[in-house]
Amino acid sequence: MSLSPIARRASLEDGKIKEFRKLLTTIEANAEQDQLGERDRLLERNRVVYRFLDLKKEVILPTLRTLMVDLDRKGHLTRLYEKSPEKVRFDVQIQTRVPKRGAIEISLHPAEPKVKVEYGWSTGARESELHPLENVQGAFVMDRMVHLLRGLIT
């Protein structure tokens, strides 16, 4: 039994339509997977941001304020401010025969769940470090400030 040319064409088109629809289904499934993956990445980033904001409120700012009081009491000039919700800057000017200035910025790394610490000294020297969020404690912040002050007096 032979199919007419019209029946053969319809049969061929049915096969192509099925293949086309199968490809559309695959494309839609891949798009949904991409959306879910992006959603998961955004949720994880938000968790990291909230963790940093909590560390800033509970550890970073209180420790820097304590150090600020000690420096101010000794006659040195200090300034502490938040450049953004994810970045804190501490400026200090040590009152010696020739005043020396330095700054430290503690911020959340834009792409990793880490804290970025940047130092700057009036000599033009710059330095930066990355540390895991888990390392951020009062002693960590104090160590970073000691490093900044050593750079000013040496």
Side-chain angles (χ1 to χ4, degrees), residues 15-154:
K16 292 295 181 183
I17 287 173
K18 286 180 184 177
E19 181 181 350
F20 175 76
R21 288 182 180 153
K22 187 176 179 180
L23 284 172
L24 281 179
T25 303
T26 302
I27 290 169
E28 288 173 1
N30 288 345
E32 285 179 25
Q33 285 298 97
D34 289 347
Q35 286 177 342
L36 289 175
E38 182 62 26
R39 181 177 163 264
D40 289 344
R41 283 187 291 279
L42 288 173
L43 287 172
E44 182 57 31
R45 177 67 184 161
N46 286 342
R47 279 188 211 102
V48 170
V49 169
Y50 289 134
R51 176 70 179 131
F52 177 80
L53 294 176
D54 188 47
L55 286 169
K56 181 180 77 171
K57 179 182 155 193
E58 301 292 326
V59 177
I60 297 169
L61 289 174
T63 303
L64 290 175
R65 285 186 186 116
T66 299
L67 298 171
M68 187 177 187
V69 168
D70 288 344
L71 287 163
D72 286 343
R73 197 175 296 140
K74 296 291 182 177
H76 306 293
L77 304 175
T78 59
R79 183 172 85 169
L80 174 62
Y81 63 101
E82 295 181 53
K83 291 180 78 173
S84 73
E86 297 171 19
K87 186 180 283 191
V88 174
R89 181 180 171 112
F90 186 90
D91 293 313
V92 63
Q93 180 173 313
I94 301 297
Q95 299 300 92
T96 58
R97 189 173 55 82
V98 176
K100 297 177 182 178
R101 294 188 331 231
I104 186 171
E105 285 186 359
I106 301 173
S107 62
L108 180 61
H109 189 276
E112 299 178 45
K114 293 186 177 187
V115 171
K116 183 176 182 181
V117 181
E118 295 179 275
Y119 305 94
W121 293 275
S122 55
T123 60
R126 299 229 178 275
E127 219 179 278
S128 71
E129 309 168 337
L130 287 177
H131 299 277
L133 283 174
E134 300 80 40
N135 290 2
V136 179
Q137 298 172 2
F140 169 83
V141 176
M142 291 183 88
D143 286 344
R144 308 287 64 87
M145 280 299 296
V146 167
H147 181 69
L148 175 71
L149 294 175
R150 280 192 182 126
L152 290 173
I153 61 175
T154 56

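All values derive from a computational prediction rather than experimental measurement.
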Pairwise distance [atom1]([X]) to [atom2]([Y]) - rounded to 0.5 angstrom:
| X | Y | atom1 | atom2 | answer |
| --- | --- | --- | --- | --- |
| Arg89 | Leu80 | CZ | CG | 11.0 Å |
| Gln93 | Thr78 | CD | OG1 | 10.5 Å |
| Leu77 | Gln95 | CG | CD | 4.5 Å |
| Arg144 | Asn135 | CZ | CG | 9.0 Å |
| Met145 | Asp70 | CE | CG | 10.0 Å |
| Leu148 | Asp143 | CG | CG | 12.5 Å |

Student check: side-chain heavy atoms of [X] and [Y] closer than 4.5 Å:
| X | Y | value |
| --- | --- | --- |
| His109 | Val48 | no |
| His131 | Val136 | no |
| Leu55 | Phe140 | no |
| Asp91 | Arg101 | no |

- Item | Under 3.5 Å donor-acceptor, Lys56 side chain and Pro85 backbone | yes
- Item | Over 12 non-hydrogen atoms of neighbours within 6.0 angstrom of OH in Tyr81 | yes
- Around atom NZ of Lys74, are there more than 12 heavy atoms of other residues, nucleotides or ligands at under 6.0 Å?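 No.
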- Run the salt-bridge test on Arg126 and Glu105 with the 4.0 Å N-O cut-off and return the result as yes or no.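 A salt bridge is absent here (no side-chain N lies under 4.0 Å from a carboxylate O).
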- Ion pair present between Arg47 and Glu44, side-chain N to carboxylate O less than 4.0 angstrom?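 Here Arg47 pairs with Glu44 in a salt bridge, since their nearest N and O are under 4.0 Å apart.
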- Message: Out of the candidates Thr123, Val92, Ile153, Leu152, only one should pair with Lys100 under the side-chain contact (heavy atoms from CB on, under 4.5 Å) rule; please name it.
- Response: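 Testing each of Thr123, Val92, Ile153, Leu152 against Lys100, the sole residue satisfying side-chain contact (heavy atoms from CB on, under 4.5 Å) is Leu152.
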- Any side-chain donor near an acceptor of the partner, His147 and Glu127, under 3.5 Å: yes
